[in-house]
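Residue numbers run from 1 in the order of the sequence given.
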Amino acid sequence: MHPRRILAALADLAPAGGERVLDVSKGGQPILWLRDPARAPRNRTVDRLAALDELHRDERILRRGWAWVVGGAEVDGVRRKVRLPLLAEPVRLERGLRGYRVVPAGDLELTSLVTDREAAAALETAPGLGGPEWLRAAGAADWIHTAAAAAGVAPERVAAVDGAMPRISDEELVGYAVAALFVVRDVSSTGLRDTLLTWAGRDGLEETALARVYGESAGVDRPDPEETVLSPLPLSRPQREVVRRVRHEPVVAVSGPPGNGKSHAVVAAALDTVDRGGSVLVATQSRHAAEVLGDLLRRYPGAVPVLFGDAERREAIAAELAQGAAAGVDDRRTGADRAAVADAEARVAAMTSGIAAALTVEQRAAQVPAWEPLMAGLRVDAPRGFEPGFDVEAARDLLLRATPATDDGRWRRWRRKTALRRLRRATGSGEQVRLDRVSAALSAAEATVAAARLAATGGTDLGPSWDALADADAALAEAVGVAMRNRARSARRWSPDARRAVTALATALRAGRNRRRAALAGLDGAALVRALPLWVGTVTDVEDLLPPVPGMFDLVILDEAAHIDQIRAAPVLARARSALVVGDPRQLRFVSFVADVDVAVTLARHGLDGYGDRLDVRRASAYDVAVGATPVTYLEEHYRSIPHLIEFSASRFYRDRIALMTRHPRNDRADAIDVVPVDSGAVDGGVNRAEVDAVVAVVKDLAERKATGIGVITPFRDQADALESALLAAFPVEDIERLRLRTGTVHAFQGSEADTVVVSLGLVDGDSPARQRFASDPHLFNVMVTRARERLVVVTSLTRGGGIIGDYLAYGSVPLPAVEPAGADGNDWTARLAAELRAAGLAVRVGYPVGRWSVDLCVGEGDDAVGLICGVHPEGLPAHLERQRALRRMGWALRDAFASRWSNDPVRAALELTYDLRGATP
């Protein structure tokens, strides 16, 4: 299927354009007219704007408008109120002693009501556009007339403003050369239809991720599960699988619950792709998600990303690029980096080899009790196998060669008979002894030798070795990161055409939106991404910043993809040759207003009737399309919240497919959910005022207890607006900043998190079925109750409730039950040691679960708990090493407690461990 048809069909299903917003004060939003465009006085109105911007700092809602058209006008036969800035830019308010400085935080952009791009580009070239001098210039009035006419709101006159803004009448339409602050609630991209139609006319789409996501499924070579993955980030086994898949497969899909470490997997895959000579575009749904990934990339050494999470980033990028690029890292340095990585890798290999050898001896020695009943007979069958100095490994090799093969030809039969004779001679086994008995005798001999060796050396204690391995792992990660960063800056990437492309990008970034698009279209995309190979930003900003070149990047990573509709995802996917698509279908999904009949008619018109499942833009997200093209790697481990905050979702939404890595005796029974009942709650105009008051009281209590990082959320927009107003009235902007207080709907918090989250359910007994269904939606509810890292406070007027809400309130009203460890049955070493430690008065749990691992013995309570490892992991040495690394990264204090250290005497072991764990000496 040709991707052009896909793009054309998506264009027909895209909104033709956004709503013509003529009144930015709609909904009661304030407009603050500025005497001095660079400053705002300190008063209640400005303080409220500053506090409002702080409450929604992830959304960047505060704007400064230049050149306004205000009054009233006939639009489509209806008299409309007009409050329209012809130019606007995102700003921040920096608080000073006597007022606020108005600081630009992004591009100065022409109103989107000017749809003629040539006219818009010409308007954007006016000298000194924006700024106090421009407002006073003679040409400002002519510019306002021309721009307003192009926007369809031509004023009757244009007036200059000296001093206070004159009284506004809606009886006429007037242009004013003035600046003002205002708030934008919904920031969205427009012109999707035109964008998609433009893409549909481009060549080279067949080899892009777009074509691969929508194409017929084709078999691919799966990566070797043992293929080496070196990364500056610590990675779990599933995260390493993601990196391997990205190396080999054109489309990779990743899913998992909240807090599953997907950011680490995304960053690791991006750095790995760049290090292998490729280029990466990371596109996220939200600005917050882009910043999280950017912060993670800055925390670990590797390729330095170009961040463009919102318009504010462009100015910083342009300034940095305008300084010019250095000569780049030469081959001598990158060669030294490779040598440093090889040395660090060899050190890790030596440490793991030594630990594995010690664990192998311990593993064999632990089998002695199982062999003891058979030992007498085995000594008769193979007497020489138990003599001092017997070479068990050589005998194993002879046994392997003596075992019959399926393709046993003459030569192989001769070799087998020769090996068999040598084996019987070496072990002293007669002709009548079967080979399985010889094999058993060799295993028993290995166990005996291992037990004797441990008895002579005092048993296995790898404590210092584990510390040394952790240091070696850290050194390797650092060496890999440094090597990645230097290779990304290699002089080989900075060719003359790459330097020219970077300089052209810096120039384009300083232009207005329309002229910038034209300039970007002419850039050498391949040269640009060779010099700057890693880009991170939002889906919305991709079209404004990056050249529209099919397959420009080697890899696109589409984050939060279940929340991204196909129409917005298509131009992003068209920019790369392969895709990593990450999403959680159990969290909030995108909202579509496309009708089923429109989908059916459009697909039929484009001859795509057979693709209704993939192109159902009303129901299928970008993530849904990707999982139809490739298997999903599920990241089940959870790293964000303590157990009480996540286990309801784990059971209800993920069928217990969450491996809780944060579990520890310090938090496994912590009551982290407070249910605050509200009396006499009622809903009036969509607002439960009693809950609003209760939420303010809760936040004040949290403030008194010095809590910070507070999010206030609710399912309902009207309730969110009421909460916002109440918080603005209750807290000055200084307190909002100090508390890091944010508020909004659950939809606004998708992808975000906070230390403490306060939820206002906004429901009352007997509420309308529609409101109850909305708040009980599993996707919304799952997001709502999984945003908190440390504490969740649920404020509710409900006195009774069923379904998901009633179940959660019942769950949150009681602490978690005690952890049910796996336990250890029988009379093995772990169980006997546990019994003796309990007898000594210590709290002991056997098989304590942590994620997909378990700690053999968890001894003690709270922060003082210690994990005892009593035997080699039953899945083998690699699992033992991975468990040790994973638990240490999560802050566990681990100690080896192998039977060999105490000659299999649990009484002596318990005595020594008890003194040790209690901080005394024997």
Under 3.5 Å donor-acceptor, [X] side chain and [Y] backbone:
X	Y	answer
N667	A670	no
D755	E790	no
S641	A788	yes
R244	E227	yes
R640	R789	no
E637	S236	no
H664	W892	no
R901	D896	yes
R883	S854	yes
T448	A444	yes

Could you report the tightest heavy-atom contact between [X] and [Y], atom names first, then the distance?
X	Y	value
E691	L763	OE2-O, 3.6 Å
G860	A865	O-CB, 3.8 Å
R889	P234	CD-CB, 3.4 Å
A468	R347	O-NH2, 4.1 Å

Are R852 and E636 close enough for a salt bridge, meaning some N to O gap below 4.0 Å? no

Can you name the one residue among L798, L809, L792 that meets side chain to side chain contact (heavy atoms under 4.5 Å, CB included) with V675? L809

The residue among V844, L842, I869, L913 that forms side chain to side chain contact (heavy atoms under 4.5 Å, CB included) with L857 is V844

N782: partners by side-chain hydrogen bond (donor to acceptor under 3.5 Å, both in side chains), with sequence neighbours left out: S649, Y654

Full working for salt bridge (Lys or Arg N to Asp or Glu O under 4.0 Å) between R705 and D701: CA-CA 6 Å; R705 289 189 275 145; D701 179 65; 2.7 Å; yes

Contacts satisfying ring-ring contact (aromatic ring centres under 6.0 Å, His included) that involve residues 788-808 (not counting sequence neighbours) are F648-Y808, F781-Y808, Y808-Y811

Might you confirm whether atom CZ of R908 has over 12 heavy atoms from other residues, nucleotides or ligands at distances under 6.0 Å? yes

Look at atom CZ of R453 and say whether more than 12 heavy atoms of other residues, nucleotides or ligands are closer to it than 6.0 Å. no

Using a 3.5 Å cut-off and no angle test, enumerate the donor-acceptor pairs between side-chain atoms of residues 353-373 and protein atoms at least two apart in sequence or in another chain.
residue, atom, partner, partner atom, Å
T360, OG1, A356, O, 2.7
E362, OE1, T460, OG1, 2.8
E362, OE1, S900, OG, 2.6

Nearest 0.5 Å, what's the OG-CD distance between S231 and Q239? 9.0 Å

What's the spacing between R666 CZ and D863 CG if we round to 0.5 Å? 5.0 Å

Mind checking what makes side chain to side chain contact (heavy atoms under 4.5 Å, CB included) contact with R655, not counting sequence neighbours? none

Sequence neighbours excluded, which residues qualify as side chain to side chain contact (heavy atoms under 4.5 Å, CB included) partners of P878? none

Test salt bridge (Lys or Arg N to Asp or Glu O under 4.0 Å) on R787 and E753; report intermediate values, then the result. CA-CA 4 Å; R787 300 304 93 194; E753 58 189 49; over 6 Å; no

Consider only side-chain N and O atoms of S255 and D584, and report whether a donor and an acceptor are under 3.5 Å apart. no

Check the side chains of D856 and Y848 for a donor-acceptor pair under 3.5 angstrom, ignoring hydrogens and angles. no

Pairing residues for W853 by the ring pair (Phe, Tyr, Trp, His ring centres under 6.0 Å) criterion, not counting sequence neighbours: H873

